[in-house]
Structure formats: C-alpha cells, structure tokens
A.B. asks: 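Dropping the structure in here first, questions after.
All ligand and atom numbering here is 1-based and tracks the order in the structure.
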Amino acid sequence: MDLKEKIDKNNLPEHVAIIMDGNGRWAQKKGNQRIFGHKNGVKAVRDTVEGAGELGLQYLTLYAFSTENWNRPKQEVDALMTLLITSINSETDTLIKNNVRLMTIGDTDGLPKNVNEKLNALIEKTSVNKGLKLVLALNYSARWEIVNAVKNIISDTKKMDVNINEINNDFFEKYLNTKDIPDPDLLVRTSGEYRISNFLIWQIAYSELYFTDVLWPDFRRNDLFNAIINYQQRERRFGKTSEQLKK
Ligand code: FPP
C-alpha cells in the first residue's frame, strides 16, 4: 500500500515544523564540500513542500538559517545566502502553480539586502495563495524572538496603560513572529540529533517530537509521511488524563 494511503486525512497535523539537519555530514560522507549538501538540501525542500501540499497540510515551517549560523565560515554563509536567492528564482513558478503562500519568521531585516528584496517580492506575489503556507525561519532564533517580544511589550505598555494582569499567554503570543500561525502539532528533526537548537521554544510546548536518522538531503515526502503516520499513533493529552479525553 502506498505510504500516503496509510495517513488518516481526518487527523492531519495542521502545522509541521522541521529542523533540517545533516547537510554538512551528507556532503562530507560523499567527499564533498558542505555547500554541496546544502544544494542537495534544496531538492529535499522541494519534495517535502510538494508532499505537504499533496496531503493538504496548512503550515510547513522550515528552519533554514538561525541567528547562530552567522558564526559559520564566511564562505559557507555567503554560499547559503546565494543558494537562497537561486532557490527563490528557481522555485517561484512551482510555488505559484501549487498555490503555496510564502511567509517568513526571524529577523529578515538582518539578511543581505538582495536576499530580503527577493524574499519580499515572493511573499507579495504569493500572498493571495490559499494552499500550503510555507514558513521559512530565516535569521531566526527563539530566544531572539522572545526577548524581542518582551521589549515590544514593555514599549507598548508604556504607551498604552496596560494592567499587568492582562499579560497572559494569549497577550504574549501576539508579540511573537508566529502571531498568526498555529503552534506546530509536529516537530521533525533530521540527522539523528536530539536537540531543539533554539527553534520555536515557546510554540512547541505541546508539539509532538519526531527524530529521524535520515540526513536532510536524503529526506523526501515519504519521510514526511512516515513522521505523520507516527504522529497519528500518539495520544495528545495537553495535560489531561487519557480517561478525560475519551469522554
Ligand atoms: C543544517 O545542516 C542546515 C542548514 C543550516 C541550512 C539549511 C538550508 C537548506 C536546506 C538549503 C536552503 C533552504 C531553502 C529553504 C531554499 P548542517 O549544515 O548543520 O549539517 P551538519 O550538522 O551535518 O553539519
């Protein structure tokens, strides 16, 4: 049976987030430079986005560049930025054809101007699309996002006379980059590493976590489908008991 047919369409995760890891190791295993891994990582992005669209997922968030990634060798950072531009150029038509809407989270103003301009143009072009929302986390880190939220809350409360008791989860979430995006139901990390690496720390409070040894450039839609099949076998209790859920 086709793997996709094993998925219960009535119990799909609304939002899947992925920490794409293992590009460097994939390339090194093949005796190549790390950037060869990133280039092949784009093929994995393409197939995963298509698979997510085919299933009818609402949101797919990909951790493409963290605030810590600036600490990599300049040659690798430059190559990643160039790859972003070439990927935007090469994937624009497919994204539009597949009704995908592009969004970003992260401090995109801190990206090189040409990358930011390309991104903004594609965000604008796809803003009317009603299919999968593809959220790229770029120059993103969860601690940056949370500190930024706190700064903006303090600045707004000074202006607006907010009672401190009004600050609750719902209030706080409106200051996160993900304010209009539901929390991920499923977080996937590739490459056999068991870490969160400063990704969506607030938002994954109740996400199901799935780790696979597959290195990102080898990841394909069937790996996404396997993660979702595994997710569908879990009981999400959100702090309640199993008995309460059955009522
Ligand atoms: C992690 O692997 C991967 C990245 C930091 C970059 C991810 C970028 C891409 C997949 C390509 C461009 C993306 C888009 C959305 C077009 P790693 O280099 O940390 O691997 P390692 O742990 O084996 O060293």
A.B. asks: Starting from the N and O atoms of ligand 1, collect every protein N/O partner closer than 3.5 Å and put each pair on its own line with the distance to 0.1 Å.
C.D. replies:
{"unit_1": "ligand 1", "atom_1": "2 (O)", "unit_2": "Gly22", "atom_2": "N", "d": "3.4"}
{"unit_1": "ligand 1", "atom_1": "2 (O)", "unit_2": "Asn23", "atom_2": "N", "d": "3.4"}
{"unit_1": "ligand 1", "atom_1": "18 (O)", "unit_2": "Arg34", "atom_2": "NH2", "d": "2.8"}
{"unit_1": "ligand 1", "atom_1": "18 (O)", "unit_2": "Arg72", "atom_2": "NH1", "d": "2.9"}
{"unit_1": "ligand 1", "atom_1": "19 (O)", "unit_2": "Asp21", "atom_2": "OD1", "d": "3.3"}
{"unit_1": "ligand 1", "atom_1": "19 (O)", "unit_2": "Arg72", "atom_2": "NH2", "d": "2.7"}
{"unit_1": "ligand 1", "atom_1": "20 (O)", "unit_2": "Gly22", "atom_2": "N", "d": "3.3"}
{"unit_1": "ligand 1", "atom_1": "20 (O)", "unit_2": "Asn23", "atom_2": "N", "d": "3.1"}
{"unit_1": "ligand 1", "atom_1": "20 (O)", "unit_2": "Gly24", "atom_2": "N", "d": "3.1"}
{"unit_1": "ligand 1", "atom_1": "22 (O)", "unit_2": "Asp21", "atom_2": "OD1", "d": "3.0"}
{"unit_1": "ligand 1", "atom_1": "22 (O)", "unit_2": "Arg25", "atom_2": "NE", "d": "3.4"}
{"unit_1": "ligand 1", "atom_1": "22 (O)", "unit_2": "Arg25", "atom_2": "NH2", "d": "2.9"}
{"unit_1": "ligand 1", "atom_1": "23 (O)", "unit_2": "Gly24", "atom_2": "N", "d": "3.3"}
{"unit_1": "ligand 1", "atom_1": "23 (O)", "unit_2": "Arg25", "atom_2": "N", "d": "2.7"}
{"unit_1": "ligand 1", "atom_1": "23 (O)", "unit_2": "Arg25", "atom_2": "NE", "d": "2.8"}
{"unit_1": "ligand 1", "atom_1": "24 (O)", "unit_2": "Arg34", "atom_2": "NH1", "d": "3.0"}
{"unit_1": "ligand 1", "atom_1": "24 (O)", "unit_2": "Arg34", "atom_2": "NH2", "d": "3.0"}

A.B. asks: Taking the inter-plane angle between the rings of His15 and Tyr59 on a 0 to 90° scale, is it parallel (under 30°), tilted (30 to 60°) or perpendicular (over 60°)?
C.D. replies: tilted
A.B. asks: Is a side-chain donor-acceptor pair under 3.5 Å present for Arg46 with Thr94?
C.D. replies: no
A.B. asks: For the residue pair Trp202 and Asp183, confirm or rule out a side-chain donor-acceptor distance under 3.5 Å.
C.D. replies: no
A.B. asks: Are the side chains of Thr126 and Ile96 in contact, using a 4.5 Å heavy-atom criterion?
C.D. replies: yes
A.B. asks: Any luck finding a side-chain donor-acceptor pair between Asn40 and Lys43 under 3.5 Å?
C.D. replies: yes
A.B. asks: Can you list everything that forms a side-chain contact (heavy atoms from CB on, under 4.5 Å) with Asp8? Sequence neighbours excluded, please.
C.D. replies: Asn10, Asn11, Gln232
